[in-house]
Protein chains: 2
Amino acid sequence: MGLVPSVPRLPLDEVIHGDCIAALDALPPSSVDLVFADPPYNLQLGPASLLRPDQSAVDAVDDDWDQFASFEAYDAFTRQWLQACRRVMKPNATLWVIGSYHNIFRVGSALQDLGFWILNDIVWRKANPMPNFRGKRFTNAHETLIWASRSAQKGYTFHYEALKGGNDDLQMRSDWFLPLCTGEERLKGADGRKLHPTQKPEALVARTILSASNPGDVVLDPFFGTGTTGAAAKRLGRRFIGIEREPAYVQAARERIAAVEPLSTAALLTAPTKRAEPRVPFLSLLEAGLIRAGSQLTDERRRFKALVRPDGTISAGPACGSIHKIGALVQGLPACNGWTFWHAERGGRLVPIDAFRAEIRAGLGSAA
Amino acid sequence: MGLVPSVPRLPLDEVIHGDCIAALDALPPSSVDLVFADPPYNLQLGPASLLRPDQSAVDAVDDDWDQFASFEAYDAFTRQWLQACRRVMKPNATLWVIGSYHNIFRVGSALQDLGFWILNDIVWRKANPMPNFRGKRFTNAHETLIWASRSAQKGYTFHYEALKGGNDDLQMRSDWFLPLCTGEERLKGADGRKLHPTQKPEALVARTILSASNPGDVVLDPFFGTGTTGAAAKRLGRRFIGIEREPAYVQAARERIAAVEPLSTAALLTAPTKRAEPRVPFLSLLEAGLIRAGSQLTDERRRFKALVRPDGTISAGPACGSIHKIGALVQGLPACNGWTFWHAERGGRLVPIDAFRAEIRAGLGSAA
DNA sequence: AACGCACGTGAATCATATA
DNA sequence: CTATATGATTCACGTGCGT
């Protein structure tokens, strides 16, 4: 093997300060095992700021790097960086991209067009998402990750057994329940405000790295930001390459990663689910067929009656609302636990609706 | 109004047997309130999985260029049916599409390209998904729905309050946990095997219809299959239009829907949203004698005071204006809902002036 | 020390009727 | 069409302070 001066070296465990495409083009081909990418989402926010009910302003992502002139411009950018990543990926490498409904469909289409092979789409269910303040839509409570191999060709790393073992011996599903990056973990600037507008939780990135790479593997992140991927990679005994354009983020990432203590054995598999998540909406009882829309609920002594509506609200006279609200209303009380107050008739006997909730929870125990 | 022979009639509560595009093109424009679509997923499993827009089969070939051609054909088909749906949608109609990672990125991109405005992406988390038998990927435990309005223009139906009421008084999130369509609900053929390969649970479709349409609205499903959308629509007091190419499915759908018993109208009455209630000027409270001119208003914590003037304005110091303007002014906020901010003293207790408005509205209700 | 409560905040495509 | 006035709207956590 002689000297090959035209092949650039692979910078390991370094943060490259520069443009993502140019920096990727400067890397040697077929050299990384895994890519984690958190590209701009191309949020198309209106000119007016969004106010919370208390009239305080939501700190929106209005950074220049998230502005694109059109879908065409965003698509061109997406194809460029994906193609550049593809060149530096080893043949059996895989890639993760995270996004929201604003951009993930563009990204997914581009992946397919470029010959990537989608292995899974993964849903990050946020434990504590921001509410929809104006009540105009469903709470935007998740983001989507796409996991893809370089091509349809077989052969990639997936630690099926480890994931299963860390998940009560059940296969790891495509929906992951994790909290946002807040509190201690969230990097703050000197002013005490968040340093990066979209810092991801390390547990999320860690799970992608654990599932799809081996210790010693090289993990590339072309949108490094404040270095969550680097921190997770170092902690899990992987090497990393980060590319970031913003000097302030580069410096923060370097300091952050320097402080990370690598784990001797990977024990971060089961992410902190924080709370079990046993809440069952009354609507689910209808959907499960345990209560029929149009049927009647009553209290234990049959003093009050309410009609079950198909949306999971109930009505008493002209009023309609949740089981709790209507329970309080008919009794003239400020509050009421509808689960224990309301009953349904089953074979001539009154059964508290809480019993049906228990049934759902029993069936759901393994899945949640 | 004279005869307008060029405008076709709207076939209601019927299953149209025929090609989806041709049937859509035969419908009058701006005539449906909601679309639910469960298009072919373009699973890349083998031959005959992909159809051209003219419904001829594409030979599956592994060549790169043909792979691209396959996506192109699927995209062309997707744009065609989406565009055809868009034409028959009323300006304030919305559309739901369900898909998996095989096709949803193509569909989402096409929606955006055609001018649809994405409102939410919704994750259907399957309670009982099929496991990944080979242990090569994460269990594919969800499908994705996209909810989009016809354009970015405001104004669409969303029953925020009803959904919240059916969900323990919490906003409905973008991740829905529902079981697959199995058991009794799953239609079987004479041979006892499932009649349709991808029959969706009625509860899933019902939730989309409940959240985004009103009783009496017209719900269109261009890929009707065995008529889940029709069954859900009929049960919920909506009208439906179904289009299906396969005669066996058409017949099964007709029989199935005929057997559906609609819910009572009482159970379907839409709860009035706050915004839809009649507007009551503050002056009316004075005229009704509920508030006296010259009396004082204060906030809940008695930090601010205002004087009620006989014309229905209030004043704080030198400033005077509406309850909203002065409420905003004293707090130094850009806006304020005066109805909930200001209180009046009644028997030593503070009562929000919104309570007096409710009294007036109640009186209006009985009078009307 | 333990507990409770007030306050801050997170990738957000977040209003509508009337003049 | 634009401009204006009305007035609707939040969940899960973490931190910090006061009792």
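In the text below, chain A, chain B and the rest are named by the order of the sequence lines, each starting its count at 1.
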Less than 4.0 angstrom between a side-chain N/O of His324(B) and OP1 or OP2 of dG7(D), yes or no? yes

Has Arg186(A) got a side-chain N or O lying under 4.0 Å from the OP1 or OP2 atom of dA11(C)? yes

Any strand: nucleotide that pairs with dA3(D) via Watson-Crick or wobble, under 3.5 Å: dT18(C)

Report the residue from Val97(A), Leu204(A), Val205(A), Ile104(A) that forms a side chain to side chain contact (heavy atoms under 4.5 Å, CB included) with Leu145(A). Leu204(A)

Assert: residue with more 5' nearest nucleotide on DNA chain D, out of Cys336(B) and Thr182(A), is Cys336(B)

Arg302(B) versus Thr298(B), side-chain donor and acceptor atoms under 3.5 Å: no

Complementary nucleotide for dA12(C) - Watson-Crick or wobble, under 3.5 Å: none

With a cut-off of less than 4.0 Å, is there a side-chain N or O of Arg173(B) near OP1 or OP2 of dT10(D)? no

With hydrogens left out and only the distance checked, is there a donor-acceptor pair under 3.5 Å joining Glu161(B)'s side chain and the base of dT9(D)? no

Distance-only donor-acceptor check, side chains Ser322(A) and Asp169(B), under 3.5 Å: yes

Side chain of Arg52(A), base of dG10(C): donor and acceptor closer than 3.5 Å? yes

Going from NZ on Lys194(A) to CG on Asp59(A), what distance comes out if it is rounded to the nearest 0.5 angstrom? 4.0 Å

5′-ward residue of the pair Trp117(B)/Arg193(A) relative to DNA chain C: Arg193(A)

For the P atoms, the ones on dA12(D) and on dC14(C), what distance do you get once it is rounded to whole angstrom? 23 Å

To the nearest 0.5 Å, tell me how far Phe133(A) CZ sits from Arg52(A) CZ. 4.0 Å

Whole-Å gap separating P (dA12(C)) and CG (Asp66(A)): 11 Å

Just the rounded figure in Å: distance from P of dC1(D) to CD of Gln153(B). 10 Å

Counting distance alone, no hydrogens or angles: does the base of dA11(C) have a donor or acceptor under 3.5 Å from a partner atom on the side chain of Lys200(A)? yes

So Asp59(A), base contact, sugar-phosphate only, or nothing? Heavy-atom distance under 4.0 Å. sugar-phosphate

Residue met sooner reading DNA chain D from 5', once Ser322(B) and Gly135(A) are mapped to nucleotides: Ser322(B)

For the pair made of CG in Asp121(B) and P in dA12(C), what is the distance, rounded to whole Å? 14 Å

